[in-house]
Amino acid sequence: MRDIDEITITIEVLRRLSDTPDPRLREILQALVRHLHQFARDTGITEEEWLQGIRYLTETGQTCDGVRQEFVLLSDTLGLSQLVVSQNHRRREQVTEQTILGPFFIQGLPVTTGQGMDISGGTHGEPLFITARVMASDGPVAAATVDVWQADADGLYDVQRSGWSIDRSQLRATLITDVDGRFSCRSILPKSYPIPMDGPVGKMMRATRRSPMRPAHIHFAIQKAGFDPLVTHVFVEGDEFLESDAVFGVRGSCIGSYERHAPGVAPDGTTVGVPFFVLDHVFRLEPAEEARQCTS
Ligand code: BEZ
Ligand code: FE
């Protein structure tokens with residue numbers, strides 16, 4: 001085809017993609033081209049603006065390394081990550097909602113089978129005792145694997161500090177539920193914190209006058225054969241940033257009650273000489289078969 005104009009170019013690109021043997025790849029690429037071309041037409045984008053976009057994406061790629069994934073952060077802050085999670089994990093009302101994994105999950109920690117482990121690694125903060133239960137519609141889920149991870153009182157994850165290695169992890173653990181579906185550990189009260197702002201995503205957040213803050217939370221990932229793996233957060237009820245999470249992760253079923261207690265005996269039986277907090281929370285899993293039906 002010759003003399004392609006600004007309308008027929010879309011038809012011609014779609015035609016050239018039409019022989020893609022993999023039907024799903026064809027569907028995705030053709031939809032991408034349709035939306036990209038329409039975006040260019042709707043905005044009347046200039047050559048200079050297009051080039052600025054290319055430079056921005058190049059810099060985003062150059063900011064990624066083995067630990068940092070700026071493209072995922074861009075997707076998170078544009079709401080794409082949570083949209084993809086939501087449409088792939090539609091939940092019935094009784095089930096805990098799914099949220100983004102975030103960039104600070106670490107696989108391969110040693111598994112702790114006992115209860116009450118102190119995961120704080122000695123970092124400063126207000127003591128927190130987590131006593132939680134994993135439930136299915138017909139009762140407790142025993143022997144589920146529970147990953148828990150959170151930022152420290154300065155709003156940083158251990159992996160953001162120089163010299164991090166897996167054997168020097170803190171504020172994260174892999175736990176196992178007991179026969180009643182319970183797990184527990186000692187930690188510190190999470191604080192709200194900003195997403196990483198020193199890269200291209202930070203530039204976008206500043207240019208658009210957006211708050212970089214995430215409401216205080218702890219991440220949990222729960223797996224058990226026969227259930228849809230649950231990736232979720234437990235946010236602190238009353239946090240000032242619940243309505244404006246920079247990455248759109250807050251869901252009603254993901255807000256927890258972190259109860260403040262006067263100094264005294266904690267849930268693990270130890271005596272604590274300062275005020276402490278207790279998060280007593282129930283996670284509700286979706287059987288894998290029902291999750292498939294909800295999503296298809
Ligand atoms: C987090 O919760 O740790 C997080 C999630 C998305 C982007 C940045 C941080
Ligand atoms: Fe987080």
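For ligands, and for the atoms within them, numbers begin at 1 and follow the listed sequence.
Of the heavy atoms in L73, only side-chain atoms (C-beta onward) come closer than 4.0 Å to ligand 1.
The closest protein non-hydrogen atom to atom 2 (O) of ligand 1 is R214 NH1, 2.5 Å. For atom 4 (C) of ligand 1, the closest heavy atom belonging to the protein is P103 CD, 3.4 Å. With respect to atom 3 (O) of ligand 1, the closest heavy atom belonging to the protein is Y193 OH, 2.7 Å.
The I100 neighbourhood of ligand 1 comprises atoms 6 (C), with distances under 4.0 Å to a heavy atom of that residue. Contact atoms of ligand 1 toward V247: 6 (C), 7 (C) (distance under 4.0 Å to a heavy atom of the residue). Remark: ligand 1 atoms within the under-4.0 Å shell around heavy atoms of Y157 are 2 (O), 3 (O). When each atom of ligand 1 is checked for a heavy atom of H217 under 4.0 Å away, the hits are 2 (O). Remark: ligand 1 atoms within the under-4.0 Å shell around heavy atoms of I195 are 8 (C). Ligand 1 places these atoms under 4.0 Å from at least one heavy atom of H219: 1 (C), 2 (O), 3 (O). Ligand 1 places these atoms under 4.0 Å from at least one heavy atom of F104: 3 (O), 9 (C). The G102 neighbourhood of ligand 1 comprises atoms 5 (C), with distances under 4.0 Å to a heavy atom of that residue.
Considering each of D76, L74, T99, T77, the one bringing a non-hydrogen atom nearest atom 6 (C) of ligand 1 is D76.
Residues I166 and F104 share a single hydrophobic cluster, defined by chaining ILVMFWY side chains whose heavy atoms lie under 4.5 Å apart.
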Audit row: V95, L230, side chain to side chain contact (heavy atoms under 4.5 Å, CB included) steps and yes/no: CA-CA 10 Å; V95 174; L230 174 66; 5.9 Å; no
Go through the steps to decide whether T96 and R91 satisfy the test side chain to side chain contact (heavy atoms under 4.5 Å, CB included), and finish with yes or no. CA-CA 7 Å; T96 306; R91 301 290 199 207; over 6 Å; no
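Under the side chain to side chain donor-acceptor pair (under 3.5 Å) rule, T174 has a single partner from T113, T112, D147, which is D147. Only one option out of V278, V274, D118 pairs with P127 in a side-chain contact (heavy atoms from CB on, under 4.5 Å); it is V274.
For the Fe ion (ligand 2), the set of nearby N, O or S atoms under 2.8 Å includes none belonging to H233.
In summary, the aromatic rings of Y193 and H217 are positioned with their centroids under 6.0 Å apart.
Between V236 and S192, every side-chain heavy-atom pair lies at or beyond the 4.5 Å cut-off.
Between R161 and D154 there is a salt bridge, since a side-chain N of the basic residue sits under 4.0 Å from a carboxylate O of the acidic one. A salt bridge links E12 to R16: at least one charged side-chain nitrogen sits closer than 4.0 Å to a carboxylate oxygen.
With the Fe ion (ligand 2) as the vertex, OH of Y193 and OH of Y157 span 100° to the nearest 10°. Rounding to the nearest 10°, we obtain 90° for the angle at the Fe ion (ligand 2) between H217 NE2 and H219 NE2.
A pairwise comparison of heavy atoms in L73 and P196 identifies CD2-O, 3.7 Å as the closest pair.
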